[in-house]
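Input: a single structure, listed below in structure tokens.
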Amino acid sequence: MNPELLNALIIGTVVLAVLGALFALVLAFAAKAFAVEKDPREEAIAAILPGANCGGCGFPGCGGYAAAVAAGKAPVNACAAGGAAVAAQIGEIMGVSAGDSVKMLAQVHCTGCGQNFKKYEYVGLKDCTAASILPGGGDLGCGYGCLGLGSCVKACPFDAIHVVDGVAKVDEDACKSCGKCVEACPKHLISLVPYKTKRHVAITCSSHDKGVDVRKSCDNGCIGCSLCVKACPKEAINMVNNLAVIDYEKCIGCGICAQKCPRKLITVDGKVPEVKPAPPKPAAPKPEEAPKAEPAAKAEEAPKAAAGEAQK
């Protein structure tokens, strides 16, 4: 090998080694000089979080939520996936009370009974957003109905929602109220509602059409008859633009509204309760018969007879 070439290679290697060592020293110094001290509580919180990274807390993943809690910028009970148990552990780390939190549940405000009233046959991507941009907002006669193409199913990180008979159904046990399905639905049919009573009452409809139009596009949509409003003993149901809406702050889960709904739309714990027949009315008591006049007449005749015999 040419000696000059060999010397060039050796010098180049040495120079690269020296530069590498110099840069390493500079980086090490910079890492120490500009290091941001991490709150040990952040690591402890991140360790107990479920790691779902669902975003239900409102922060970018579990790491972002842990940092926000440690910095005092987020409540200790905001982890939807972890629930009350994780909230209690985070509260211990932060030295605060987790507080009482109401369980939230994703609720689909549609029964899917509008699937029998389609305007046309949809052929395209199996995606609700794609179908919703077509004329009429999709192929259903009801402009407020569930398209049933599963965009919410794909968005759910907990496999808690599925399309059954053309409509999205929530698995209440699996739902962690992360809100991903709420964001994914282009028809805005899904919302998070508080699940705080022994029996959960739901009005599974979103239509704001008038009753006559609802009947033309759905087998059991809300027709705005207001019978549920009148029946509720706690005034927990109101009519909002032709649609009955439950105020869960007042609802006690009695289910009387479901009994009165003529469309069998309102559910209690996911089922339409059977209407109990009214108890039979007791028979009216028969009026007492008036005393016969005959005995009285005989009583009057007796003194007369006695008087006649005395005259004789």
Side-chain angles (χ1 to χ4, degrees), residues 50-62 64-65 78-83 103-195 200 202-209 213-214 217-222 240-241 243 245-246 248 265 267 270:
N53 293 315
C54 62
C57 58
F59 294 90
C62 293
Y65 173 60
C79 179
K103 177 184 176 183
M104 301 296 287
L105 178 72
Q107 182 173 294
V108 180
H109 298 275
C110 181
T111 61
C113 291
Q115 291 286 336
N116 299 327
F117 300 85
K118 291 192 174 183
K119 298 178 290 187
Y120 52 84
E121 191 66 29
Y122 171 73
V123 178
L125 293 174
K126 195 172 182 180
D127 181 80
C128 298
T129 302
S132 67
I133 62 177
L134 294 176
D139 58 353
L140 299 180
C142 174
Y144 303 89
C146 176
L147 297 174
L149 297 175
S151 293
C152 54
V153 178
K154 300 170 189 174
C156 180
F158 303 103
D159 193 34
I161 188 167
H162 304 91
V163 175
V164 180
D165 296 331
V167 64
K169 299 284 186 182
V170 176
D171 182 342
E172 296 181 0
D173 295 327
C175 179
K176 303 299 181 183
S177 63
C178 67
K180 290 294 184 182
C181 57
V182 177
E183 298 174 4
C185 179
K187 307 287 280 185
H188 309 294
L189 301 179
I190 310 176
S191 65
L192 295 179
V193 298
Y195 196 108
H200 183 68
I203 298 178
T204 50
C205 182
S206 293
S207 177
H208 290 287
D209 290 336
D213 296 320
V214 171
S217 60
C218 184
D219 286 331
N220 70 341
C222 179
V240 180
N241 192 14
L243 176 66
V245 179
I246 295 177
Y248 286 100
L265 167 68
T267 61

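For Ser151 (side chain) and Ala184 (main-chain N/O), no donor-acceptor pair under 3.5 Å exists by modelled atom type. Looking only at distances, no side-chain donor or acceptor of Asp139 sits under 3.5 Å from a matching main-chain atom of Glu121. Although no hydrogens or angles enter the test, the distance criterion places a donor-acceptor pair under 3.5 Å between the side chain of Tyr65 and the main chain of Ala78. Side chain of Gln115 to backbone of Cys146: a donor-acceptor contact under 3.5 angstrom is found. Using modelled atom types, one side-chain atom of Lys187 and one backbone atom of Gly143 make a donor-acceptor pair closer than 3.5 Å. Using modelled atom types, one side-chain atom of Tyr120 and one backbone atom of Gly138 make a donor-acceptor pair closer than 3.5 Å. A donor-acceptor pair is defined here as one N or O able to donate and one able to accept, closer than 3.5 Å; such a pair exists between the side chain of Ser206 and the backbone of His109.
The line from CG of Leu265 to CG of Asp219 is 12.0 Å long, rounded to the nearest 0.5 Å. To the nearest 0.5 Å, the span separating SG on Cys142 from CG on Asp209 amounts to 6.5 Å.
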Open item on the list: If you apply the rule side-chain contact (heavy atoms from CB on, under 4.5 Å), what do you find for Leu147 with Tyr122, and how did you get there?
Closed with: CA-CA 10 Å; Leu147 297 174; Tyr122 171 73; over 6 Å; no
- [ ] Carefully, step by step, assess Val245 and Ile203 under the rule side-chain contact (heavy atoms from CB on, under 4.5 Å).
- [x] CA-CA 7 Å; Val245 179; Ile203 298 178; 6.0 Å; no
TODO: Apply side-chain contact (heavy atoms from CB on, under 4.5 Å) to the pair Thr111 and Val167, showing each step before the final yes or no.
DONE: CA-CA 7 Å; Thr111 61; Val167 64; over 6 Å; no
Task: Worked verdict on Ile246 versus Val193 for side-chain contact (heavy atoms from CB on, under 4.5 Å) - done: CA-CA 10 Å; Ile246 295 177; Val193 298; over 6 Å; no
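Few gaps surround NZ on Lys154; more than 12 heavy atoms of other groups in view lie less than 6.0 Å from it. Counting non-hydrogen atoms of other residues, nucleotides and ligands closer than 6.0 Å to CG of Asp165 gives a total of 12 or fewer.
Annotation: ring pair (Phe, Tyr, Trp, His ring centres under 6.0 Å) contacts of Tyr248 (sequence neighbours excluded): His200.
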